[in-house]
Amino acid sequence: MEFKLEAHRIVSISLGKIYNSRVQRGGIKLHKNLLVSLVLRSARQVYLSDPCPGLYLAGPTGIPTVPPPQQPGEPVAGPPSGWGEPPPPSARAALPEPEPQPQRPSVCHTPGAGSSEPVAAVAGAGDALRGGEADSAAAAWGRVERPRAVASGGGSDTCPEGPRAVRRPCGCPPAREEQPAEDGSPAPPAPCPRKRGAAGVGGGRAGCPAAPGSTPLKKPRRNSEEQPSTGEEDTDEEMETGNVANLISIFGSSFSGLLRKSPAVGREGEEAEESGPEAAEPGQICCDKPVLRDMSPWSTAIVAF
Amino acid sequence: MPSHRMPSEADVISTVEFNHTGELLATGDKGGRVVIFQREPESKNTPHSQGEYDVYSTFQSHEPEFDYLKSLEIEEKINKIKWLPQQNAAHSLLSTNDKTIKLWKITERDKRPEGYNLKDEEGKLKDLSTVTSLQVPVLKPMDLMVEVSPRRIFANGHTYHINSISVNSDCETYMSADDLRINLWHLAITDRSFNIVDIKPANMEDLTEVITASEFHPHHCNLFVYSSSKGSLRLCDMRAAALCDKHSKLFEEPEDPSNRSFFSEIISSVSDVKFSHSGRYMLTRDYLTVKVWDLNMEARPIETYQVHDYLRSKLCSLYESDCIFDKFECAWNGSDSVIMTGAYNNFFRMFDRNTKRDVTLEASRESSKPRAVLKPRRVCVGGKRRRDDISVDSLDFTKKILHTAWHPAENIIAIAATNNLYIFQDKVNSDMH
């Protein structure tokens with residue numbers, strides 16, 4: 001469990017760095033951002049490959065989800081669901097690679113240098129994200145699904161990888177296994193990645209095809225900024241997530257499409273729209289964002305901005 | 001070099017380089033300035049100041065620029081300075097920021113002509129009716145004036161940030177490297193360069209590594225090396241092909257799986273590479289170690305030295321504070337027997353390759369009083385703690401020594417500690433052994 005917490009923390013730190021790099025003097029440093037994206041990918045892999053269903057049901061404190069709407073654990077589950085969820089594969093073809101900037105006229109003939117490079121790649125990176133990560137994310141989902149099936153069968157430990165002691169606190173005590181079965185909600189959060197408050201109120205909710213039962217789980221997420229003050233046991237984790245949520249809220253509603261898990265058509269349409277202007281943005285052309293395919297559309301939003 | 005102004009970001013030294021004789025020492029800073037120090041000749045009259053470095057010239061090399069097409073500000077920070085071999089009375093150096101390389105010529109003027117026929121001493125035209133005879137102007141001594149002028153500006157060669165420049169042993173060409181490409185220039189031609197390495201993938205999403213440093217071989221004008229963010233070195237031969245994407249030799253050490261962490265990739269990124277003076281070895285610096293490589297062995301370095309291994313357990317907080325991205329340089333001494341690199345808390349480390357002994361020294365005002373002897377320092381990592389030890393947790397990570405240089409022939413080192421330059425001399429062992 002500590003791995004997941006640390007991974008989550010590292011992810012939020014990394015995203016903060018990528019965000020800050022936009023405003024750094026001298027343009028985006030390709031080397032540093034490449035390294036940050038590698039860390040981001042490692043942390044995300046650790047996060048996803050740790051198949052602890054308790055994470056989706058309850059926070060590190062092990063409180064199961066008979067969900068009171070203020071479930072501190074639930075918001076933690078939100079982000080990984082969003083990141084883990086592969087967008088529909090059909091979306092891959094839909095996003096055009098943004099056109100590189102026109103070649104800058106230059107007196108300096110540098111064969112092969114290609115003087116003006118596009119920052120581009122935002123939507124294109126979204127492409128790669130979809131295609132590339134679908135398999136691993138799907139695998140991660142497979143692992144998550146299994147425990148609940150076991151639990152509904154009754155009797156055995158919810159946690160498939162019992163010996164891992166770190167998982168104990170994450171809410172896999174045998175006695176609780178009924179709860180997950182009842183709840184049935186861990187999967188639904190997946191299709192509906194957390195909706196940030198800034199994501200556009202109407203759009204977020206409306207686009208979510210989740211089962212009705214999951215809707216109450218979304219409320220804590222949306223209120224994550226206010227939650228730390230309630231003094232829930234998971235305060236530290238809450239602050240971390242809140243910090244990341246703030247990043248998103250800064251971007252405003254223009255990214256509602258990216259943050260909403262909508263049916264394939266709607267999403268790709270939306271994203272193509274968003275990414276078009278972003279791709280054309282002249283800033284930060286100094287380098288491209290190399291490893292966007294490893295980040296979710298949610299994270300892609302940050303980079304695009 | 002004490003800075004009498006309030007220390008500001010612009011005063012932070014960003015590069016240090018001795019010239020080929022060691023007589024001159026150039027520093028560049030974040031404000032785009034270059035300061036050149038000259039070693040005072042030893043004289044019987046002033047025995048105490050023998051061989052000390054004084055300011056010789058200061059000039060503004062680069063200014064901040066704005067790329068209007070890309071809406072990017074281009075920093076004026078001097079990334080690297082490299083001296084050209086001296087070919088006449090003038091000295092020349094190359095200085096570069098992120099995008100533009102400039103060739104500067106440094107000349108001395110210590111005489112001026114006097115006794116013109118048509119002009120008076122102030123340069124005003126004389127009343128011709130007062131001129132009764134002709135005279136030949138003569139050169140009279142004057143106070144030394146050091147004049148610096150930009151002779152060439154090599155612009156528009158790089159899309160990405162330039163991280164290194166290196167002058168070829170042929171004294172005619174030099175190369176400049178950015179994150180993805182290396183260009184070869186002729187010193188006399190500014191309007192074109194040849195691209196000799198290009199690792200930009202067709203699809204930027206496939207990017208996995210960038211070029212971090214590069215250098216020409218000191219003797220073989222066809223060979224150069226470049227290091228990558230993945231920790232590998234590639235030796236390239238320009239005779240083999242026009243585009244040297246295919247390396248002649250690849251130097252890479254397999255990763256130790258027991259050390260794997262989130263940050264393994266970051267700490268294996270090579271921040272500096274230097275050929276030995278002999279040309280037989282290469283020195284590389286990554287976040288925690290310096291390594292010596294033999295050009296004849298690609299599989300692994302022949303020597304690895306731990307610079308500050310006690311930081312291995314603190315990588316997460318160093319990542320948070322961005323310290324893990326610090327790019328430390330490394331240096332050989334003139335005889336290639338000792339290597340040096342910087343660390344935190346204004347510490348710098350030296351490793352003797354023959355005796356396998358190492359020492360940690362501190363660059364501070366206390367230690368730099370004239371004729372003070374540098375006291376070895378120690379960082380304690382738990383266990384017994386001696387009186388003057390510093391604990392890992394009390395290290396000051398804002399005091400980092402990224403740039404160091406060693407005199408080409410003598411035991412004189414230049415250490416840049418943020419905005420201060422320290423020059424240490426080993427008077428006892430002034431000659432190389």
Side-chain angles (χ1 to χ4, degrees), chain A residues 6-7 9-10 13-14 16-17 20 24-32 34-43 46 97 101-102 104-121 124-125 127-129 132 281-294, chain B residues 64 67-77 97-99 154-161 163 178-181 183 190-198 200-201 203-212 229-230 242-243 260-267 269 316 319-320 322 324-325 327:
Chain A
E6 196 194 357
R9 183 163 163 264
I10 287 173
I13 292 169
S14 304
K17 288 187 193 302
N20 287 332
Q24 260 166 18
R25 222 178 140 227
I28 294 179
K29 312 257 183 282
L30 182 61
H31 184 199
K32 182 178 176 186
L34 175 63
L35 295 176
V36 169
S37 60
L38 292 175
V39 170
L40 196 51
R41 178 171 57 181
S42 300
V46 165
E97 183 84 24
Q101 297 293 329
R104 178 163 63 140
S106 161
V107 292
C108 184
H109 302 285
T110 54
S115 57
S116 109
E117 305 297 330
V119 65
D127 262 344
L129 161 69
E281 185 183 323
Q284 294 98 41
I285 291 186
C286 177
C287 70
D288 300 344
K289 282 286 172 279
V291 201
L292 293 175
R293 63 165 147 201
D294 300 310
Chain B
D67 181 336
Y68 294 98
L69 190 69
K70 299 178 183 175
S71 291
L72 270 186
E73 192 184 5
I74 300 168
E75 277 189 281
E76 67 276 28
K77 172 168 79 95
N97 68 349
D98 283 340
K99 295 286 183 179
F154 304 91
N156 302 320
H158 288 278
T159 306
Y160 301 95
H161 291 123
N163 53 55
D178 67 28
D179 293 313
L180 297 179
R181 299 193 177 99
N183 291 337
T190 59
D191 65 352
R192 76 192 81 117
S193 70
F194 289 102
N195 176 241
I196 55 176
V197 173
D198 187 341
K200 181 172 189 279
N203 192 350
M204 274 301 271
E205 298 150 23
D206 298 332
L207 183 73
T208 55
E209 66 182 322
V210 297
I211 298 168
T212 53
S229 55
K230 275 193 173 169
L243 192 59
R260 185 110 188 93
S261 75
F262 286 122
F263 310 105
S264 299
E265 281 124 338
I266 301 188
I267 63 171
S269 176
C316 192
Y319 177 71
E320 227 178 321
D322 270 359
I324 207 173
F325 300 105
K327 294 187 185 172

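As a basis for the values below, the full set of heavy atoms in this structure was taken, side chains included, without hydrogen atoms, waters or symmetry mates. Residue numbers start from 1 in every chain, and the chains themselves are labelled A, B, ... in the order their sequence lines are given, proteins ahead of strands. All figures in this text were calculated on a predicted structure; none of them were measured in a lab.
The most heavy-atom pairs under 4.5 Å with chain A, out of B:Glu209, B:Lys77, B:Glu76, come from B:Glu76.
Taking all atoms of both residues into account, the shortest heavy-atom contact from A:Val39 to B:Phe262 is CG2-O, 3.7 Å. For the pair B:Glu75 and A:Gly26, the tightest heavy-atom approach, listed with the atom from each and the gap, is CG-CA, 4.0 Å.
To the nearest 0.5 Å, the span separating CZ on A:Arg25 from CD1 on B:Ile74 amounts to 10.5 Å. From B:Glu73, atom CD reaches atom CD of A:Gln24 across 12.0 Å, with rounding to the nearest 0.5 Å. Separating the CZ atom in B:Arg260 from the OG atom in A:Ser42 is a distance of 5.5 Å, to the nearest 0.5 Å. Interatomic distance, B:Asn163 CG to A:Leu30 CG, rounded to the nearest 0.5 Å: 10.5 Å.
Two residues are said to be in side-chain contact when any heavy atoms from C-beta on lie closer than 4.5 Å; B:Asp179 and A:Leu34 fail this criterion. In this structure, B:Tyr319 and A:Val36 have side chains that are in contact, with non-hydrogen atoms separated by less than 4.5 Å. Using a 4.5 Å heavy-atom threshold, the side chains of B:His161 and A:His31 count as separate.
For a residue to count as touching a neighbouring chain, one of its non-hydrogen atoms must lie under 4.5 Å from one of that chain's; by this rule B:Lys230 does not touch chain A. With a 4.5 Å cut-off on non-hydrogen atoms, B:Asn97 does not touch chain A at all. Residue contact with chain A, scored on non-hydrogen atoms closer than 4.5 Å, is absent for B:Leu243. Neither the backbone nor the side chain of B:Ser261 comes within contact range of chain A, judged by heavy atoms closer than 4.5 Å. B:Ser269 touches chain A through its side chain: at least one heavy atom from C-beta onward sits under 4.5 Å away, while N, CA, C and O do not.
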So B:Ile324 and A:Leu35, side chain to side chain contact (heavy atoms under 4.5 Å, CB included) or not? Walk me through it. CA-CA 10 Å; B:Ile324 207 173; A:Leu35 295 176; over 6 Å; no

